[in-house]
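Naming convention: chains lettered A, B, ... in sequence-line order (proteins, then strands); numbering from 1 in each chain.
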Amino acid sequence: MSGFNPEMRTRAEKICSLYPQVRSALIPLCHLAQEQAGYLSEDLMEEIAEMVGVTPAEVYGTASFYDMLHTEPVGKYLVGVCTNIACLLQGGEELLEHAEAKLGVAPGGTTEDGMFTLEDMECIAHCNKAPALQVNYRFFGPVDEESFDELVDDLRAGRLVGDVPSHGTLIREERSAPIALSIDEVLAERALSDAAIAQRKAQVQS
Amino acid sequence: MDENAERIVPKIVTSRIGLDGSHTLETYLATGGYSALRKALTSMTPEEIQAEVMTSNLLGRGGAGFEVGRKWSMLKNSPLRYLVVNGDESEPATFKDHMLIEGDPHQLVEGTIITAYAVGAARAFIYIRGEFALGLERVQRAIDEAYTYGALGRNIFGSGFSLDLVVHPGAGAYICGEETALIESLEGKRGYPRIKPPFFPAVIGLYGAPTIVNNVESMSNIPWIVNNGGAAFASLGIGRSTGTRIFALAGHVNRPGNYEVEMAKLTFRDLVYKPEYGGGMRMGRGVKAFIPGGVSAPWFGPDQLDLPLAQDDVAKAGSMLGSGSIVMMDDHTCMVRAAWRITKFFNRESCGQCTPCREGSGWIEKMMRRIETGAGRESDLDMLLDACDNIAPGLSWPPAQTTICVLGPSIPSSVVAGIRMFRDEFLIHIKEGGCPYGR
């Protein structure tokens, strides 16, 4: 494997151009890497490191802090069942137990066919639809045992392809507007307007 | 003046929620969108906008409740400043920003542009938690539409003011809602909160430059304040609690949801029982306890249901309105399990920098699990309180702090409240060797 493919490399470069300091692109590029490979493979971490000017270890060290960044392969569909307080009160734990039985894996595990990874999630801010879950960060809820089974069957049969992209694809809306002014230009403009204001003030006072 | 007269309380931030295509530029423009930005850029100075926001006394809607106008006024003077919008909504049971981000992204974008103008930001960022995939897409679309419409980029509306706005995805970490951790994360690092002082964002923020960090709901209020004036906003509510606010009502109520109501005018009881809001407790059961402002807040019992939804009243009663999330727990709830789950959350989300938080949350979680699953000892209760006391000495409210950020002192809230309010229930777990609620 050899890092970003040409299309992804172009998108990655565009993302880098959005920030005054390129290291800020690190996490967005990790998402992009997951979009290409489904997870953060070593070669992609190396390329991200090169692009944002840090070592591969720093990319790994940063990525390992975040729940959504996976340095090992995960299933095509990441099923995250929320069990935090609002969902707990509405049966989130029972739903997670059902999910374990239905998928045959414990939280953190991936089904043998590589289709599903199950996660015990913290609050996803969908509490008015508790118990709630996300599949690849797309919301579902309230979910009961029956609708969970249906959801899994639909995903397995490919009936939700449009709604739920494969794991890794997070933002399907690519920014079209380039950065209009560099920070240097902003500062230069500001210096000009400050000078103009000072000049006007001086004129008024004299 | 007749206190009981029916006044029409405006929907300040949720007026478009539920409209067809509420997230599109078309709907936004058809409902007065970007008129506030036009007004701000063509007829107001940054100072005038700051003054209106100061007059409004808008309290930050993220959790700490600090006055937005005062926060802006504390921004260190520097040619290079940044604005960062905090859309990392992760406080358990809080789901109001989720709705605003997906439902009215242009309002958020407009509020952000106005604020950037008011505080003189060289660039603005909207940081949205990674789990909000649809929200990230909608805000990205809104930003692109705003560029095309002329509300972003060079020389906005011919005013001479220019701004670039970037939406930035998080990647799953509760702690990044803490403003200095959010800045670290936006710089491409692990989300470790910074030590304050010296790292107050208004002085040393993003890339070391003075930075304003404001919450999504706070930003969404700005267009209305510019259009209607700070005084109109301040005329709503009571005392320091001005305007309206979204309360995210969750747990054992018939109608969980986000309700925008006038500040301080309703009580918790009104919000829970009125048919237009919570519609009462599920299955007509009684209230055993409730959390008034996110899981970092100490719990209240049913006798506190008549407190008004006002920041200072709730603080005086020993808790906080916090993130605006209210979790109702009925009389069939196992309070040990509830407190254990909240502790487990803090243990998972502790960033690991400070020993009291990193180790304390782990020990407390293990003891709570032990009690819930039947292996608890009576001495555990004192040990739990002692462990909590090591994180927040004195176990008072607001809590004392032994850690870099407030995640640490938030851990004891539910455990201490649980033991103080429901000691017998803890003891039954211990004596009967398990959960009496059958789990």
Side-chain angles (χ1 to χ4, degrees), chain A residues 18-28 30-31 52 54 58 61-69 80 83-86 88-90 93 121-130 134 136-139 169-177 179-181 183 185-187 189-191 193-194, chain B residues 79-80 89-95 97-98 120 122-123 130-134 136-137 140-141 143-144 147-148 152-154 160 162 164 166 168-174 185-191 207 248 250-252 256-258 291 295 325 327 329 333 337-338 341-342 345 348-349 439:
Chain A
L18 302 176
Y19 299 96
Q21 293 187 14
V22 71
R23 180 164 178 168
S24 284
L26 194 151
I27 290 168
C30 287
H31 284 307
V52 305
V54 298
E58 281 174 289
T62 305
S64 62
F65 184 82
Y66 295 95
D67 291 345
M68 290 174 68
L69 302 178
T83 58
N84 207 311
I85 188 73
L88 173 91
L89 296 174
Q90 304 277 31
E93 285 196 340
M121 258 192 135
E122 294 301 347
C123 185
I124 49 177
H126 205 45
C127 321
N128 51 339
K129 298 281 189 327
Q134 286 194 318
N136 295 345
Y137 307 104
R138 268 69 193 175
F139 287 101
T169 300
L170 189 65
I171 310 167
R172 291 170 296 181
E173 188 75 43
E174 209 182 325
R175 184 184 171 110
S176 59
I179 291 293
L181 286 92
I183 295 293
E185 278 178 277
V186 175
L187 293 180
E189 265 196 8
R190 206 146 292 175
S193 72
D194 284 354
Chain B
L80 184 55
E89 178 169 67
S90 313
E91 181 71 20
T94 312
F95 48 101
D97 294 343
H98 178 195
R123 193 167 294 177
E131 291 90 342
F132 289 171
L134 179 62
L136 282 157
E137 290 171 350
Q140 183 58 68
R141 168 76 65 92
I143 287 174
D144 280 320
Y147 271 97
T148 311
L152 275 171
R154 208 176 272 276
S162 306
D164 283 299
V166 175
H168 183 93
Y174 167 69
S185 181
L186 179 52
E187 289 182 358
K189 300 170 189 160
R190 295 166 76 89
Y207 313 127
H252 293 145
N258 284 310
I291 316 178
V295 301
S325 128
V327 182
M329 297 185 272
T333 310
R337 178 162 285 262
R341 184 61 187 85
I342 292 169
F345 162 75
R348 286 168 93 173
E349 298 296 336
R439 273 196 62 96

message: Just by distance, no angles: are the side chains of B:Y207 and A:S24 close enough, under 3.5 Å, to form a donor-acceptor pair?
response: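 Yes.
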[options]: which one forms the most heavy-atom pairs within less than 4.5 Å of chain A?
| options | result |
| --- | --- |
| B:G172, B:A171, B:A250 | B:A171 |
| B:G120, B:G160, B:A248 | B:G120 |
| B:A173, B:G257, B:G191, B:G251 | B:G191 |

query: Can you tell me how far CD of B:Q140 sits from CZ of A:R172, rounded to the nearest 0.5 angstrom?
result: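 If I round to the nearest 0.5 Å, the distance is 14.0 Å.
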query: If you round to the nearest 0.5 Å, how far is CG of A:D67 from CD of B:E349?
result: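 Those atoms lie 5.5 Å apart.
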Taking C-beta and beyond as the side chain, do [X] and [Y] meet within less than 4.5 Å on heavy atoms?
| X | Y | answer |
| --- | --- | --- |
| A:V186 | B:R123 | no |
| B:K189 | A:R23 | yes |
| A:S64 | B:R190 | yes |
| B:H168 | A:L18 | no |
| B:S185 | A:Y66 | yes |

Region of [X] that comes under 4.5 Å of a non-hydrogen atom in chain B:
| X | value |
| --- | --- |
| A:Y19 | both |
| A:E174 | backbone |
| A:T169 | neither |
| A:R190 | side chain |
| A:L170 | both |

Donor-acceptor pair, [X] side chain versus [Y] backbone, under 3.5 Å?
| X | Y | answer |
| --- | --- | --- |
| B:D164 | A:L181 | yes |
| A:Q90 | B:H252 | no |
| B:H98 | A:H126 | no |
| A:N128 | B:P256 | no |
| A:Q134 | B:E131 | yes |

Chain A contact via [X] - which portion, at a heavy-atom distance below 4.5 Å:
| X | value |
| --- | --- |
| B:L152 | neither |
| B:I342 | side chain |
| B:T94 | backbone |
| B:V295 | side chain |
| B:Y147 | side chain |

Nearest non-hydrogen partners of [X] and [Y], listed with the distance:
| X | Y | value |
| --- | --- | --- |
| B:G170 | A:H31 | O-NE2, 2.8 Å |
| B:A338 | A:L88 | CA-CD2, 4.1 Å |
| A:A180 | B:G153 | CB-CA, 3.8 Å |
| B:G188 | A:L26 | O-CD1, 3.6 Å |
| B:P169 | A:I27 | O-CG2, 3.7 Å |
| B:A93 | A:C123 | N-SG, 3.3 Å |

Chain B interface, residue from [options] that has the most non-hydrogen pairs under 4.5 Å:
| options | result |
| --- | --- |
| A:T83, A:L69, A:L187, A:V22 | A:T83 |
| A:E189, A:R138, A:E173, A:E185 | A:E173 |
| A:A25, A:A191, A:G61 | A:G61 |

query: Can A:E122 and B:R341 be counted as an ion pair, charged N to O under 4.0 angstrom?
result: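 Salt bridge between A:E122 and B:R341, a charged N being under 4.0 Å from a carboxylate O: yes.
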